[in-house]
2 protein chains.
Amino acid sequence: MSIVFLRCLLTASKTYSTLFVNVHVNVNGVSIMTNSRSESVTIVQVAQEAGVSAQTVSRVLNNRPDVSAATRERILGVIERLNYKPNAIARGLVQRKTHSLGVIAAGLEKYGPLRTVIGIEQETRALGYSLLLSLIPDDATENQVVEALEHLLARQVDGVLWSAPEIGPNRAWLDSLLGRLTVPTVFMSMHPHPAVTVIDTDNRMGGNLATVHLTEQGCRRVAHICGPQSQWSALQRRLGWEDALRAVGQTPDAALLVEGDWTAASGYAAIRELIERVPDLDGVFAGNDQMGLGALLAASELGIRIPEQLAIIGYDNIPEAAYMQPPLSSIRQHLHDSGAIAVRELIRQITLQRAGNNSGEGQTILVEPDLIVRRSSLYAKP
Amino acid sequence: MSIVFLRCLLTASKTYSTLFVNVHVNVNGVSIMTNSRSESVTIVQVAQEAGVSAQTVSRVLNNRPDVSAATRERILGVIERLNYKPNAIARGLVQRKTHSLGVIAAGLEKYGPLRTVIGIEQETRALGYSLLLSLIPDDATENQVVEALEHLLARQVDGVLWSAPEIGPNRAWLDSLLGRLTVPTVFMSMHPHPAVTVIDTDNRMGGNLATVHLTEQGCRRVAHICGPQSQWSALQRRLGWEDALRAVGQTPDAALLVEGDWTAASGYAAIRELIERVPDLDGVFAGNDQMGLGALLAASELGIRIPEQLAIIGYDNIPEAAYMQPPLSSIRQHLHDSGAIAVRELIRQITLQRAGNNSGEGQTILVEPDLIVRRSSLYAKP
DNA sequence: TTGAAAGCGCTAACAT
DNA sequence: ATGTTAGCGCTTTCAA
């Protein structure tokens with residue numbers, strides 16, 4: 001057994017081949033035979049061993065009723081003894097159904113997309129399906145997207161979960177995509193579209209909840225640090241903010257809006273910008289909690305007391321929000337649930353389609369978020 | 001198109017079926033035929049269309065040299081025209097190689113495991129493989145683990161990446177697992193073992209780096225908030241802490257050690273505990289940045305100035321660390337790289353095994369972390 | 001350079 | 001209740 005230590009050379013390019021390898025330690029000649037190249041057991045071998053035809057074994061495997069109890073017992077015994085496991089690939093080929101779903105996701109380093117994918121995975125497995133994961137960059141080119149999709153389709157996934165942010169209002173792009181979707185597909189973030197099913201959280205409602213909360217605290221100049229406006233969810237949150245301002249008779253002011261990129265760094269920069277632009281700023285709705293964190297630090301460095309002078313609320317309700325200084329109010333989404341709902345909806349569509357009931361009609365389901373109040377938003381109206 | 005709004009009933013159980021459904025809006029009868037149930041194109045159809053046999057098409061698909069340029073061109077044209085995509089399932093069945101890898105992962109809600117999986121996914125796709133994702137709980141039972149594994153193996157993955165924390169020092173459990181691993185497997189976190197390949201970051205070195213940094217700042221009473229000691233990485237970080245204390249002539253004191261569960265909440269609680277136990281505490285090495293965040297808040301609430309009175313360092317170097325109050329020093333790991341390295345190593349082993357060179361010998365590769373100094377650890381020795 | 005035959009492991013459809 | 005036949009879409013092997 002040898003132990004090798006690697007030190008990454010960060011100034012060089014990021015690929016493995018350019019890593020500086022530093023061998024430190026011992027080789028010792030232990031050699032345990034792990035797994036001999038044993039050919040795996042097939043249904044025919046089980047059948048022979050049990051003295052029946054492969055078909056009968058297949059019936060047992062698929063829990064068909066038309067097998068005598070005695071035969072079933074005997075076959076189950078042989079299966080156990082030979083440690084036989086059905087080959088899902090072969091089964092998928094003949095049934096034209098692989099019992100696998102593909103998910104195209106982006107931005108897993110962010111809380112929302114990640115939780116959604118985790119919810120998707122758990123429901124997928126709970127329902128007996130496998131999940132093929134395909135990650136694309138947030139700003140993926142059409143080529144990258146198509147490649148990721150073709151990859152999943154070549155694997156004969158039974159359905160696709162589209163968990164990447166919609167890129168811009170590019171309807172043409174979407175249409176080209178829809179043409180390639182030869183299997184049922186559910187989108188996780190997308191403007192409602194008559195031909196597609198969308199399961200999402202209600203970002204506009206969430207943005208509204210956050211902003212109304214601030215105005216109710218007495219804030220009169222509420223800014224918004226929004227996410228990239230090319231992304232549907234970020235756009236909706238901003239509209240929710242505007243709705244809330246209009247509800248108190250204000251016209252959303254461009255000076256109150258700064259676009260960030262979801263990172264704490266961008267939230268930090270946004271506050272410095274806003275403070276300069278808007279001297280009487282008294283509330284900030286950050287489009288996510290990371291940007292909220294950056295806002296908290298910037299305010300602290302500028303000597304602004306949160307929440308007495310400036311109320312701040314984030315979005316996502318990440319676990320860390322409760323431990324920021326001060327603890328950050330936020331909007332909780334039910335991402336895990338919406339991932340699970342999407343999987344169920346997708347499998348429902350797969351089943352329907354197989355039964356020939358292909359409606360072709362899209363449905364949009366929006367899961368409602370809720371407000372979590374912590375100290376950062378308890379503005380003390382002067 | 002209908003839009004449905006869902007409000008989650010959190011007091012009820014978490015399953016979809018118990019969600020309270022609230023239908024708000026419009027149905028409109030747009031019905032676009034998305035994808036007709038077109039049977040997909042097969043190699044035989046391409047062959048007929050091109051006036052050749054299926055084998056010749058196969059040769060073109062697999063870039064075999066023994067096809068005349070003219071025939072190749074013609075076939076490629078037909079493939080393009082019919083929009084033919086080879087069926088990877090059928091190919092996998094006959095070749096006994098699916099070009100897919102399975103990853104068993106846990107704890108994706110934590111930064112480290114997530115980045116590792118992202119690294120794995122990217123390298124997997126870059127090398128032309130698919131990735132099947134199987135998540136298990138951090139404290140998975142043997143049954144859950146076996147089920148997840150069997151699931152992947154039934155799908156005929158060519159190899160497995162084990163990215164779940166080793167649970168306890170249970171060698172018997174590992175042996176039972178190894179017996180089931182009928183395909184090459186690489187572990188991401190595991191004590192070195194002669195029969196398995198392990199790609200990991202050097203957590204002991206990291207723990208040591210963190211602690212040495214604190215002692216070099218002049219801290220004399222350095223506590224450690226460790227992760228669950230049943231997990232290999234947490235255990236190694238603790239040993240690194242002990243190494244560093246011994247290096248300055250101290251004997252690690254049980255009073256200086258508190259076990260957390262990686263959450264900010266546990267870091268928060270740990271500081272309150274430590275302050276009570278150790279009045280002259282002057283340094284804390286938190287086993288990850290979330291616990292470090294909790295520690296920062298607790299210290300702040302107790303009126304302890306960081307770093308002047310108490311130096312704190314975390315681990316993982318999450319992006320948010322730079323925006324904590326004060327910015328949190330940390331240990332950066334090259335998780336993305338180690339994920340990528342693991343994939344390469346796994347595919348190497350798959351290739352070797354197919355060539356008959358099954359060494360059966362394990363190798364351990366440790367990627368070295370490095371220290372990131374920010375304000376939280378700049379202790380001012382009294 | 002190309003084609004015909006066989007078969008990967010399994011199940012659907014029809015036998016009996 | 002059980003077996004036989006055929007074939008999913010592709011590649012391998014061998015022959016031409």
Side-chain angles (χ1 to χ4, degrees), chain A residues 37-76 78-79 82-100 153-158 182 354-355, chain B residues 37-76 78-79 82-100 150 153-158 182 354:
Chain A
R37 284 301 298 116
S38 59
E39 291 307 316
S40 55
V41 185
T42 72
I43 199 173
V44 174
Q45 293 171 41
V46 173
Q48 287 175 342
E49 191 74 11
V52 294
S53 73
Q55 192 44 233
T56 305
V57 177
S58 173
R59 288 186 180 106
V60 171
L61 291 176
N62 294 285
N63 278 315
R64 298 284 167 65
D66 51 352
V67 183
S68 75
T71 313
R72 166 168 277 125
E73 283 311 307
R74 185 155 38 91
I75 291 174
L76 286 174
V78 174
I79 287 175
L82 298 187
N83 191 30
Y84 166 72
K85 310 285 176 199
N87 181 328
I89 292 294
R91 196 179 259 177
L93 181 60
V94 65
Q95 293 188 147
R96 288 124 160 283
K97 171 137 171 53
T98 55
H99 276 276
S100 64
L153 293 177
R155 249 72 191 184
Q156 311 298 114
V157 294
D158 296 335
T182 52
R354 246 151 244 273
Chain B
R37 282 306 296 118
S38 58
E39 290 307 315
S40 55
V41 185
T42 71
I43 198 173
V44 173
Q45 292 171 42
V46 173
Q48 286 175 343
E49 191 75 12
V52 295
S53 71
Q55 295 65 29
T56 305
V57 177
S58 173
R59 288 185 181 106
V60 171
L61 290 177
N62 294 284
N63 278 316
R64 298 285 167 64
D66 50 354
V67 183
S68 73
T71 312
R72 165 169 276 124
E73 282 312 307
R74 185 155 37 91
I75 292 174
L76 285 174
V78 174
I79 287 175
L82 299 187
N83 193 30
Y84 166 73
K85 310 285 178 198
N87 181 328
I89 292 293
R91 195 179 259 176
L93 181 60
V94 64
Q95 291 188 147
R96 288 121 160 281
K97 173 140 171 49
T98 56
H99 277 277
S100 65
E150 301 287 9
L153 294 178
R155 248 74 190 182
Q156 311 298 115
V157 294
D158 296 335
T182 52
R354 245 150 244 275

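Only this structure's heavy atoms are used, side chains among them; waters, hydrogens and symmetry mates stay out. To find a chain, count down the sequence lines: A is the first, B the second, and so on, and within it residues start at 1. As the structure is a computational prediction, the values presented were derived from the model and not from experiment.
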Handout entry: Touch class at under 4.0 angstrom, heavy-atom based, for A/S53 against every strand present
Key = base

Exercise for the section: Kindly give the heavy-atom pair with the smallest separation between A/A90 and B/L93, and that separation in Å. Expected result: CB-CD1, 3.6 Å

Handout entry: Under-4.0 Å side-chain N/O to phosphate OP1/OP2 contact, B/T56 with C/dT1
Key = no

Handout entry: d(CG, A/D66; C1', C/dT16) in whole Å
Key = 14 Å

Problem - For the student: nearest non-hydrogen atoms of A/D158 and A/R354, plus distance - result: OD1-NH2, 4.2 Å

Exercise for the section: Under the side chain to side chain contact (heavy atoms under 4.5 Å, CB included) rule, collect the residues that match up with B/R64, sequence neighbours excluded. Expected result: B/R59, B/N62, B/D66

Handout entry: d(NZ, A/K97; P, C/dA12) in whole Å
Key = 12 Å

Exercise for the section: Respond yes when some side-chain nitrogen or oxygen of B/T71 is under 4.0 Å from OP1 or OP2 of C/dT1, and no when none is. Expected result: no

Would you mind writing out the side-chain donor-acceptor pairs for residues 49-57 of chain A within the sub-3.5 Å range, not counting sequence neighbours?
residue: A/E49; atom: OE2; partner: A/R81; partner atom: NH1; Å: 3.3
residue: A/S53; atom: OG; partner: A/Q55; partner atom: N; Å: 3.4
residue: A/S53; atom: OG; partner: A/T56; partner atom: N; Å: 3.4
residue: A/S53; atom: OG; partner: A/T56; partner atom: OG1; Å: 3.3

Problem - Five-pair end axes of the helix from C/dT1-D/dA16 to C/dT16-D/dA1, angle between them (10°) - result: 40°

Handout entry: Those residues that, when tested against B/E150, pass side chain to side chain donor-acceptor pair (under 3.5 Å) (two or more places apart)
Key = B/R180

Exercise for the section: Check whether any side-chain heavy atom of A/V46 lies under 4.5 Å from a side-chain heavy atom of A/V41, and answer yes or no. Expected result: yes

Practice task
Return the set of residues passing side chain to side chain donor-acceptor pair (under 3.5 Å) with B/T42 (not counting sequence neighbours), or none when no residue passes.
Solution key: none

Exercise for the section: Sugar-phosphate atoms are those with a prime plus P, OP1 and OP2; base atoms are the rest. Using that split, label each nucleotide of nucleotides 9-16 of chain D B, S or - for protein heavy atoms under 4.0 Å, 5' to 3'. Expected result: BBBB----

Problem - B/R91 vs B/H99 side-chain heavy atoms within contact, under 4.5 Å - result: no

